[in-house]
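Letters A, B, ... mirror the listed sequences (proteins, then strands); counts begin at 1. Just so you know, these numbers come straight off a predicted model, no measurement behind them.
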2 protein chains.
Amino acid sequence: MYFSLSKFDPRIHPSIFLKDPLSSELGRKILRHSVELIEEVGFEDFNFRKLGRLIQSPEASIYRYFDNKHKLLLYLSSWYWGWIEYRLAFRNANIVDPIFRLENAIEILTNPSSEFDDTEYLNTNKLFKIIYSESSKAYLIKDVDALNKDGMYFNYKHLVASISNIIREIVPDYPYPHMLTTTVIEGIHHQIFFSLHLKSLTDKKEGEHSILIFYKNLILKQLNVI
Amino acid sequence: MYFSLSKFDPRIHPSIFLKDPLSSELGRKILRHSVELIEEVGFEDFNFRKLGRLIQSPEASIYRYFDNKHKLLLYLSSWYWGWIEYRLAFRNANIVDPIFRLENAIEILTNPSSEFDDTEYLNTNKLFKIIYSESSKAYLIKDVDALNKDGMYFNYKHLVASISNIIREIVPDYPYPHMLTTTVIEGIHHQIFFSLHLKSLTDKKEGEHSILIFYKNLILKQLNVI
DNA sequence: CATAAATAATAGTAATGCTATCATAAATGG
DNA sequence: CCATTTATGATAGCATTACTATTATTTATG
């Protein structure tokens, strides 16, 4: 099985890290505080020296876990995709109607925070902020092909495949399940960011769940089930 | 009028640059060769020292035109949005049917290169590659609010408003014209990038115009005109 | 032709992105 | 439980980046 259902323990592709950060106290400290720091100063101003100061450990120790800050970002986003897939499988267990399962997927993607399966080493609320504002920088880079060859985008691809499969259950011969899925996932992130920083690029009104409504409607109308 | 129709001359918000790069030979050299260099090495590995070496001018001279490489990227993307709006206005002149105008918009966004209005100081083909792989980094930054306040995203917002207005002509009470527009624009860029680097995240087949077809269908179905 | 403005030439500095070395502490296995 | 591997801490250092400053020289302009 792709993940364990008891305590959430994400499968992260080993080529992303040098030493598994979940295998030690220092590693978990790196994860926890990198989320805090990236969220606070942004990915460009984040670096291992600052993180080292924050956790009172030498910069060089962090380099023993991750090649560079890009790999750390890749780790965090892979963790996130694994976590979303876990929550999705949990929520959709025993649900037969694929339309309902698809709607659940959009709900989780739009509002992924949850109290009950929060881990002690990662604040999922802050992680989500990093995801919608920084995660695309994990693949919008020159060496994307090399990283992809090494399997470093596995978790994102796996989630996209899972959602595409739900779409195929609804409309077996729909020709663009992956495009539809990534359009919605990336779209959700953009709309959240725009609603906070570039309001005239969106239509979200205060307190309204416009983003959820919009993408649910978009995807269901596209599949002719609405 | 927002732009001149004879020779294309984009309106770039002055707070983006320190000295107008179109006002001098050196400035145009900076633009032309920054596109070449960013396209070649990627935005993270691009810097003013390398650009200076390339154009045989001191780094400090480039700093007299732009505060930093981020502002230069913002200039290039603003130029691009202005250029798209120009091409759109040109193509849609005297076309009455808003559905046809909207389809034209998607076509231009999907395949913006054109021979006839290529400028001598910017290779629009290479610029487009920068746009779909780097342009989101112009707003996915910590100081987005400050830059936005200074009007630096004007051209992107203006284009989004223009396309949203076409949508409103088709369905006057459609509640999410801006979300739909940005979903399609950003989606097109993502799908192009995915089709080149992360193929399993898309459904584009070789030689097929799947991206164009997908987004045309998505937007027209969403507006109930298909 | 004089003067202002732009660019070139050169230098320098703080921060970043690492890598290396050695000492010490913690884990582990025979 | 001691010996040895392994992880971390402490410290140093170096090439590159992201600028800023200064002065000389060239180019435009009135």
Side-chain angles (χ1 to χ4, degrees), chain A residues 14-34 37-38 40-76 121 134 137-138 140-143 146-147, chain B residues 14-34 37-38 40-76 121 134 137-138 140-143 146-147:
Chain A
S15 56
I16 292 176
F17 51 78
L18 297 168
K19 178 177 155 58
D20 183 0
L22 292 185
S23 71
S24 74
E25 194 47 54
L26 179 61
R28 286 183 292 270
K29 244 171 120 176
I30 288 170
L31 293 183
R32 181 168 55 248
H33 288 94
S34 65
L37 193 51
I38 293 172
E40 189 190 332
V41 304
F43 187 64
E44 350 305 306
D45 284 349
F46 166 84
N47 63 50
F48 283 179
R49 192 160 293 172
K50 285 176 188 169
L51 179 59
R53 265 200 303 264
L54 186 66
I55 65 176
Q56 312 250 60
S57 274
E59 197 183 358
S61 296
I62 303 167
Y63 276 103
R64 277 192 222 99
Y65 285 84
F66 295 102
D67 265 330
N68 50 54
K69 67 172 180 175
H70 248 91
K71 292 280 176 67
L72 174 52
L73 180 64
L74 201 49
Y75 185 96
L76 294 176
Y121 59 88
E134 315 279 8
K137 295 168 190 169
L140 292 177
I141 48 177
K142 263 291 158 177
D143 55 350
L147 304 192
Chain B
S15 56
I16 293 175
F17 51 78
L18 297 169
K19 177 176 155 59
D20 183 0
L22 292 186
S23 71
S24 74
E25 193 48 51
L26 179 63
R28 285 183 292 269
K29 244 170 120 176
I30 289 170
L31 295 183
R32 181 168 55 247
H33 287 95
S34 65
L37 193 51
I38 294 172
E40 188 190 332
V41 303
F43 187 65
E44 352 303 306
D45 284 349
F46 165 84
N47 64 51
F48 283 179
R49 189 161 297 172
K50 285 176 188 171
L51 179 58
R53 264 200 303 265
L54 187 65
I55 64 176
Q56 313 251 59
S57 274
E59 197 183 357
S61 296
I62 303 167
Y63 277 103
R64 272 191 238 99
Y65 285 84
F66 294 102
D67 265 330
N68 51 54
K69 68 171 180 175
H70 247 90
K71 291 281 176 64
L72 174 52
L73 180 64
L74 200 49
Y75 185 97
L76 294 176
Y121 59 88
E134 314 280 7
K137 295 167 190 170
L140 292 178
I141 47 176
K142 263 290 158 179
D143 56 350
L147 303 192

Hey, does the side chain of B:S24 come within less than 4.0 Å of C:dA6's phosphate (OP1/OP2), counting only N and O? no
Candidates C:dC18, C:dT7, D:dA21 - which lies nearest the side chain of B:A60: D:dA21
Using atom CD1 of A:I62 as one end and atom C1' of C:dT19 as the other, report the distance to the nearest whole Å. 15 Å
Could you check whether A:K50 gets within reach of a base, just the sugar-phosphate, or nothing at all, counting any heavy atom under 4.0 Å? sugar-phosphate
With a 3.5 Å distance limit and no angle check, can you tell me whether B:K29 reaches the backbone of B:Q56 through a side-chain donor-acceptor pair? no
Give the rounded distance in Å between these two atoms: CG of B:N68 and C1' of C:dA15. 15 Å
Report yes if a side-chain nitrogen or oxygen of A:S61 is closer than 4.0 Å to either non-bridging phosphate oxygen (OP1 or OP2) of D:dT8; otherwise report no. no
Whole-Å distance separating the CZ atom of B:F43 from the C1' atom of D:dT17: 13 Å
side-chain N/O B:S57 vs C:dA8 OP1/OP2, d < 4.0 Å: yes
Mind calculating the distance between OH (B:Y63) and C1' (C:dA8) to the nearest angstrom? 17 Å
Can you tell me how far P of C:dA20 sits from CZ of A:R64, to the nearest Å? 12 Å
B:R49 or A:K19: which one's nearest nucleotide on DNA chain D is closer to the 5' end? A:K19
Does A:K137 form a salt bridge (charged side-chain N to carboxylate O under 4.0 Å, His left out) with A:E44? I'd like the steps, not just the answer. CA-CA 10 Å; A:K137 295 168 190 169; A:E44 350 305 306; 2.5 Å; yes
Value rounded to 0.5 Å, distance of CZ in A:F48 from CG in A:L72: 5.0 Å
Just the rounded figure in Å: distance from C1' of D:dA18 to CG of B:D45. 15 Å
Are OP1 or OP2 of C:dA6 and a side-chain N or O of B:Y65 less than 4.0 angstrom apart? no
By the Watson-Crick or G-U definition, both distances under 3.5 Å, D:dG30 is matched with C:dC1
Quick one: is D:dT17 close enough that its OP1 or OP2 comes under 4.0 Å of any side-chain N or O from B:N47? yes
Can you tell me the distance, in whole Å, between the CG atom of B:L51 and the P atom of D:dA18? 12 Å
Could you give the CD-to-P distance, from B:E59 to D:dA21, as a whole number of Å? 14 Å
Any base atoms under 4.0 Å from B:F66, or only sugar-phosphate, or nothing? Heavy atoms, all strands. nothing
Let me see the working for A:S34 and A:Y75 under side-chain hydrogen bond (donor to acceptor under 3.5 Å, both in side chains), right down to the final yes or no. CA-CA 11 Å; A:S34 65; A:Y75 185 96; over 6 Å; no
What's the verdict on side-chain contact (heavy atoms from CB on, under 4.5 Å) for B:K71 and B:N68, showing C-alpha distance, side-chain angles and the deciding distance? CA-CA 6 Å; B:K71 291 281 176 64; B:N68 51 54; 3.5 Å; yes
Determine the contact category for B:D67: base if any of its heavy atoms lies under 4.0 Å from a base atom, sugar-phosphate if only primed atoms, P, OP1 or OP2 are that close, otherwise nothing. sugar-phosphate
